[in-house]
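In what follows, chains are A, B, ... by sequence order, proteins preceding strands, each numbered from 1.
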Amino acid sequence: MKVVAASLINSLKGTFFTATCFRNPFLLVLQPPSAIQTILLAPFHSDSASNHHSHLTMCQKITKLDHALQLFDQMTQRQPLPSVVKFNQLLQSVTKMKHYSCSIHLFKQMTAIGVPVDVYTTNIVTKCCCQMSCTSEGFAVVAYGFRRGVDPDVYTFSTLLNGLILEDRILEAERLFKKLIKGKLCEPNVVMYTTMIKGLCKVGINDTAIGLLRLMDEKGCKPDVMTYSTIIDSLCKDKMIDDALKLFNEMILHKGILPDVVTYSSLIRGLCSSGDMRKAKEIFDLMKVRGHVPDVVTYSSLLNGYCKKSKILHLFHEIMEKGIKPNVVTYNTILQGLFRVGRCKDAFELFKEMQSHSHIPPNAITYRIVLEGLCNNRQLDEALSLFRMMGENELNLDIVAYTILIDGASKCGKPDITKVLFNELNTKGLNPDVRTYNVMISCFGREGLVREAKELFLQMEERGCPPDCVTYNVLLKGLLKNGQHDTIEMLLQKMDEQGFSVEASTCSMLLDHISSRSLDGSLLKLIGKLVPKEGKEAPCIDR
DNA sequence: CTAGGGTTAG
């Protein structure tokens with residue numbers, strides 16, 4: 001058993017230790033395997049930590065993190081040292097506050113002063129690495145522990161599995177999962193199965209996820225409400241509401257598992273996104289009848305459904321009345337709803353209010369919503385001045401925000417502003433992505449700048465940003481609009497090769513040009529191939 | 001003292 005574990009960890013080292021990530025100076029375990037030991041055992045050169053504490057007393061407001069750090073310092077100076085359990089509790093409290101790099105930093109200090117670590121310690125620290133999207137370093141921590149006699153357990157492996165899934169390393173997650181079972185390294189339990197199921201759902205293979213649900217049941221590992229909710233949510237995201245409801249019923253009626261607020265919220269969101277507000281409200285009322293209290297996520301989901309139908313706001317009052325604290329998502333949802341119905345002033349008021357009254361700082365998504373809302377309501381100037389006021393921070397250095405403004409300027413008939421913004425990307429060190437290019441090519445098409453549109457199209461491949469289905473469609477439309485027919489056939493052929501399809505609007509333009517004889521009728525066959533089949537999703541529509 | 005599920009978004 002131990003030998004198998006050792007070989008597993010060794011084989012994992014090869015796979016996982018290659019990627020290193022130095023994004024955080026505190027992440028001292030971020031080193032290739034050969035260096036792990038030296039680094040972890042190296043004396044810690046105290047920098048901020050001790051100085052930090054000397055002026056702590058001068059701070060008016062001492063955060064909980066400061067308390068924890070102070071306590072840690074005291075603990076390390078005690079003779080004899082407190083038990084590892086005390087250290088674990090402290091590490092866990094720091095981790096619960098999401099100060100992951102701090103936890104890792106403390107762990108490093110623990111090892112440096114010789115506090116013996118146990119499986120709880122390494123599991124907590126492994127989780128910190130995973131939560132920071134540095135799962136490979138999580139493996140390093142596990143290997144470090146293993147060399148000191150700390151055997152990984154089902155908690156360890158579930159944590160690592162979850163880390164891989166968080167980083168979209170699904171193949172590695174599957175490999176690990178299978179290896180654990182084959183090598184009998186640990187008996188998977190409901191948590192581990194649920195984690196693997198989430199991974200499968202995340203890459204959109206719901207069938208396989210359901211297969212694993214059946215398998216765990218067969219193996220005598222009973223799925224619980226979280227297992228079912230994971231799959232139900234994924235089905236809802238894929239608009240397979242009927243299957244989700246089927247599983248929901250199975251869970252309750254056949255398995256005797258009661259749904260909770262998360263299960264209900266997923267269903268409500270699914271029904272909302274498929275436009276069935278009546279059923280969404282029905283489930284919402286039902287959960288209340290059954291004694292479940294909707295939380296901020298439930299309300300935000302329902303609110304979003306109403307906003308998408310341009311019906312809003314009585315629900316917001318209900319949230320306030322119930323004493324539920326709206327969060328940034330709630331605000332973002334309402335902001336978008338207000339812009340959608342053209343209530344820019346109210347939106348702007350709310351935008352200010354969330355910061356002053358509720359002390360909820362807007363995030364990148366908030367700004368995107370506000371910028372797009374203003375552009376859509378033909379208030380380009382306001383959008384631009386807001387954007388300029390945001391300053392040179394991370395919210396301003398956002399390619400999505402730029403793309404929104406570039407598109408907004410173009411649609412508001414200001415191609416000059418479009419070009420200025422696009423050129424600014426270079427100076428800011430931002431790379432246009434495929435959607436930025438699409439917006440630009442569309443803009444050039446609109447302005448009759450065919451040469452520029454073609455140039456950008458060619459640039460995309462060179463810059464490692466290959467055109468997508470939308471690119472081809474906007475370029476085609478630009479060419480057709482400007483009477484450039486020479487490259488149409490070639491583009492259509494390329495689309496065929498790539499499995500892209502023509503949108504309805506592109507298709508009707510093509511047909512118009514054929515009937516007016518500016519395009520050859522022989523193209524019809526090719527166009528026919530590129531029209532998405534009835535009932536099938538067009539491949540260019542994102543999942 | 002350790003692991004798993006749900007909200008906004010060009």
Looking at every strand, decide which applies to [X] at a 4.0 Å heavy-atom threshold: base, sugar-phosphate, or nothing.
X: A:I124; result: sugar-phosphate
X: A:T263; result: base
X: A:T436; result: base
X: A:V225; result: base
X: A:I399; result: base
X: A:S300; result: base
X: A:V261; result: base
X: A:N189; result: base
X: A:R368; result: base
X: A:T122; result: nothing
X: A:K127; result: sugar-phosphate
X: A:T121; result: nothing

>> Under 4.0 Å, heavy atom to any atom of DNA chain B: which of residues 403-414 of chain A qualify?
In response: A:T403, A:I404
>> Would you say the ring centers of A:Y367 and A:F351 fall short of 6.0 Å from each other?
In response: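 Yes, the ring of A:Y367 comes within the 6.0 Å limit of the ring of A:F351, centre to centre.
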> Among all residues two or more places apart in sequence or in another chain, which pass the ring-ring contact (aromatic ring centres under 6.0 Å, His included) test with A:F457?
Replying inline: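 For A:F457, the residues satisfying ring-ring contact (aromatic ring centres under 6.0 Å, His included) (neighbours in sequence not counted) are A:Y472.
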> Got a sec, which residues hit ring-ring contact (aromatic ring centres under 6.0 Å, His included) with A:Y331, two or more places apart in sequence or on another chain?
Replying inline: none
> Got A:R378 and A:K411 here, is their nearest side-chain heavy-atom distance under 4.5 Å?
Replying inline: no
> Can you tell if the side chain of A:L161 reaches within under 4.5 Å of the side chain of A:M196, non-hydrogen atoms only?
Replying inline: yes
> Under a criterion of less than 4.0 angstrom to any heavy atom of chain A, what are the 5'-terminal and 3'-terminal contacting nucleotides of DNA chain B?
Replying inline: B:dC1 to B:dG10
> So, A:K246 and A:D242, do they make that salt bridge, N to O below 4.0 Å?
Replying inline: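 No salt bridge links A:K246 with A:D242.
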> Using 4.0 Å as the upper bound for N to carboxylate O, is an ion pair formed by A:D217 and A:K255?
Replying inline: yes
> A:D433: what forms a salt bridge (Lys or Arg N to Asp or Glu O under 4.0 Å) with it, not counting sequence neighbours?
Replying inline: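 A:D433 satisfies salt bridge (Lys or Arg N to Asp or Glu O under 4.0 Å) with no residue once adjacent residues are dropped.
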> Does any pair with a residue in residues 217-250 of chain A pass ring pair (Phe, Tyr, Trp, His ring centres under 6.0 Å), and if so which ones, sequence neighbours excluded?
Replying inline: A:F248-A:Y264
